[in-house]
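A short worksheet on the structure shown next.
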Amino acid sequence: MSPDFWNKYESDIQLVKNLGSNCFRFSFEWGRLEPERDMWDESAFQRYSEIIDCLEVRTTQCIFATYDHVIPETARHLWR
């Protein structure tokens with residue numbers, strides 16, 4: 001697995017598939033989706049869509065982690 005999944009996701013997903021796995025877990029990086037409070041980055045949403053499409057093409061089950069020790073800036077006030 002590459003330490004640069006954001007840019008090399010296709011080869012990482014193919015590697016997992018070649019190893020015989022039929023599922024892949026990854027987290028949404030909220031800092032990419034919402035770099036500042038109430039400011040959403042459409043290109044980040046597009047990239048995650050491309051990653052999901054890549055998984056679907058390889059018939060790999062997606063396992064999403066929506067909370068992986070980072071929360072969206074918009075929701076941060078809920079944990080204070």
Side-chain angles (χ1 to χ4, degrees):
M1 297 291 293
S2 168
D4 186 15
F5 177 74
W6 189 251
N7 293 304
K8 299 181 179 183
Y9 66 88
E10 291 179 276
S11 60
D12 284 353
I13 292 169
Q14 188 59 51
L15 174 63
V16 169
K17 186 70 174 176
N18 291 348
L19 291 170
S21 179
N22 66 347
C23 62
F24 191 89
R25 179 197 176 274
F26 69 95
S27 301
F28 292 111
E29 175 54 51
W30 288 106
R32 290 186 187 274
L33 294 170
E34 187 189 23
E36 294 180 35
R37 187 173 182 161
D38 296 325
M39 186 182 102
W40 301 94
D41 184 350
E42 289 299 320
S43 66
F45 282 95
Q46 180 59 39
R47 176 54 60 99
Y48 281 116
S49 178
E50 292 167 4
I51 291 169
I52 293 166
D53 289 346
C54 183
L55 288 163
E56 289 177 344
V57 165
R58 288 166 176 78
T59 61
T60 304
Q61 181 181 10
C62 305
I63 302 171
F64 304 108
T66 55
Y67 176 74
D68 194 14
H69 307 289
V70 178
I71 58 173
E73 194 62 38
T74 301
R76 193 168 304 276
H77 71 281
L78 298 172
W79 279 268
R80 289 187 189 175

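All values below come from the heavy atoms of this structure, side chains included, with hydrogens, waters and symmetry mates left out. What you are looking at is a predicted structure, and each value in this text was computed from that prediction instead of being measured.
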Measure the [atom1]-[atom2] distance between [X] and [Y] for me, rounded to the nearest 0.5 Å.
| X | Y | atom1 | atom2 | value |
| --- | --- | --- | --- | --- |
| Leu15 | Glu10 | CG | CD | 13.5 Å |
| Ser11 | Asp4 | OG | CG | 9.0 Å |
| Glu42 | Leu33 | CD | CG | 9.5 Å |
| Glu50 | Phe45 | CD | CZ | 14.0 Å |
| Phe64 | Leu55 | CZ | CG | 7.5 Å |
| Arg58 | Asp53 | CZ | CG | 11.0 Å |

With under 30° as parallel and over 60° as perpendicular, where do the rings of Phe28 and Trp30 fit, or are they tilted in between? tilted
For [Y], is there any backbone N or O sitting under 3.5 Å from a side-chain donor or acceptor partner on [X]?
| X | Y | answer |
| --- | --- | --- |
| Glu34 | Asp38 | yes |
| Tyr48 | Glu29 | yes |
| Arg47 | Trp6 | yes |

Answer with yes or no whether the hydrophobic clustering places Ile63 together with Ile52; edges join I, L, V, M, F, W, Y residues whose side-chain heavy atoms lie under 4.5 Å apart. no
What heavy-atom pair brings [X] and [Y] nearest, and what distance separates the two atoms?
| X | Y | value |
| --- | --- | --- |
| Thr60 | Lys17 | OG1-CD, 3.8 Å |
| Cys23 | Val16 | O-CG1, 3.9 Å |
| Ala65 | Arg25 | CB-NH2, 3.3 Å |

